[in-house]
Amino acid sequence: VIDILGDEALPTLDVIREFRKMDMFIKETMRLHPALWLTGRRCMEGFDFKGRHFPKNSTFLLHIEGMHMDQDNFQNPTEFLPERWEKAKDWLKPHTYMPFGDGAHRCIGERLVLTEIKAVFAMLLRSFKPVAFGDEHSSQIAYLLTKTIGQKSMRVRFEKAS
């Protein structure tokens, strides 16, 4: 972050777009902890699917968090692996990663929120260094800003950067 941000007082949009590792970190965090974990839809017309009839106004619930934790969609789904997003275009199935919903009902604030997260992290990481509270996770210092790594909790404090 420091190498990309340089001496800029505030990160510009061009600088924020260069935060590739931060993008992967945020995507993986949102996969494990989506802001929208469940969504519903009501069908406007009746239809048949796999031999079953669904009448008009049937309500469907989509468990987004469940999709994000499904091994058919994500290898080692309980593990915090930001690097999985480096080549997501090669393996990510459509409509299986949806922390902000999808399609016509996708959150219109998604880009703003992601830009704000990156800007805040950039400013935080320029002034402070995340440090694990002496446990076995200290080697994963690059990803300490999430509340879990796999199934284990992690406590983090921030020290003034030198």
Side-chain angles (χ1 to χ4, degrees), residues 1-2 4-5 8 10-44 54 57-133 135 137-138 140-158:
V1 171
I2 306 292
I4 295 171
L5 191 56
E8 295 285 327
L10 294 172
T12 64
L13 281 175
D14 289 335
V15 168
I16 286 172
R17 288 185 187 112
E18 293 182 44
F19 294 147
R20 304 286 183 244
K21 288 187 178 184
M22 193 181 299
D23 280 333
M24 294 186 305
F25 166 82
I26 292 168
K27 283 181 181 176
E28 187 67 354
T29 301
M30 295 299 294
R31 183 187 69 80
L32 290 170
H33 309 286
L36 181 66
W37 62 273
L38 184 70
T39 189
R41 296 290 182 266
R42 181 172 298 166
C43 65
M44 304 307 288
F54 296 92
N57 291 323
S58 293
T59 300
F60 295 89
L61 295 177
L62 182 60
H63 187 215
I64 294 171
E65 189 174 40
M67 288 179 7
H68 291 180
M69 299 303 280
D70 187 334
Q71 280 192 317
D72 290 339
N73 299 330
F74 296 92
Q75 244 181 359
N76 304 316
T78 60
E79 293 183 38
F80 183 77
L81 301 170
E83 58 276 7
R84 78 172 77 229
W85 296 99
E86 281 181 300
K87 296 183 180 176
K89 291 178 184 172
D90 296 342
W91 59 264
L92 186 63
K93 299 173 196 170
H95 316 293
T96 57
Y97 174 70
M98 305 177 11
F100 291 93
D102 202 10
H105 299 282
R106 186 180 202 110
C107 175
I108 61 170
E110 177 181 8
R111 283 189 179 167
L112 175 64
V113 168
L114 294 175
T115 300
E116 287 179 338
I117 289 170
K118 292 175 201 174
V120 168
F121 278 174
M123 300 308 295
L124 182 68
L125 293 174
R126 179 161 64 184
S127 301
F128 297 93
K129 178 177 131 184
V131 179
F133 279 76
D135 63 7
H137 299 300
S138 59
Q140 299 197 28
I141 201 78
Y143 304 118
L144 289 180
L145 297 176
T146 186
K147 63 183 178 182
T148 62
I149 289 185
Q151 294 295 313
K152 298 181 180 181
S153 294
M154 178 186 297
R155 294 178 59 186
V156 178
R157 71 174 185 267
F158 290 91

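Every value quoted in this text rests on a predicted model; they were computed, and no experiment measured them.
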Does Phe128 have any ring pair (Phe, Tyr, Trp, His ring centres under 6.0 Å) partners at least two apart in sequence or in another chain, and if so, which? none
Tell me, please, which residues at least two apart from Phe100 pass ring pair (Phe, Tyr, Trp, His ring centres under 6.0 Å). none
Test side chain to side chain donor-acceptor pair (under 3.5 Å) applied to [X] - qualifying residues, sequence neighbours left out:
X	value
Asp23	Lys118
Glu110	Arg106
His95	Asp102
Arg17	Asp14

Let me confirm one number: the NE2-CZ distance from His33 to Phe80, rounded to the nearest 0.5 Å. 8.0 Å
Measuring from Met22:CE to Thr29:OG1, what's the distance to the nearest 0.5 Å? 11.0 Å
Report yes if the distance between the aromatic ring centroids of Phe54 and Phe60 is under 6.0 Å, otherwise no. yes
When the ring centroid of Phe74 is compared with that of Trp91, is the distance short of 6.0 Å? yes
Any non-hydrogen side-chain atom of Phe19 less than 4.5 Å from a side-chain atom of Phe121? no
Would you say Met67 and Leu62 make side-chain contact, with heavy atoms under 4.5 Å? yes
For a quick test of reading the model, state the closest non-hydrogen atom pair linking Met24 to Pro82 and the distance between them. CB-O, 3.3 Å
Please report, to 0.1 Å, the donor-acceptor pairs under 3.5 Å made by any side chain of residues 34-41, with sequence neighbours excluded.
unit_1 : atom_1 : unit_2 : atom_2 : d
Thr39  : OG1    : Arg41  : NH1    : 3.0

Residue Lys87 excluded, over 12 heavy atoms near NZ under 6.0 Å: no
Other residues, nucleotides and ligands only: do more than 12 of their heavy atoms fall within 6.0 Å of CG on Leu112? yes
May I have all residue pairs that pass salt bridge (charged side-chain N to carboxylate O under 4.0 Å, His left out) and include part of residues 28-38, sequence neighbours excluded? Glu28-Arg31, Glu28-Arg84
Under the rule for side chain to side chain contact (heavy atoms under 4.5 Å, CB included), what residues qualify as partners of Asn57, not counting sequence neighbours? Arg42
Do any pairs count as a side-chain hydrogen bond (donor to acceptor under 3.5 Å, both in side chains) and have a residue in residues 61-74, sequence neighbours left out, and if so which ones? none
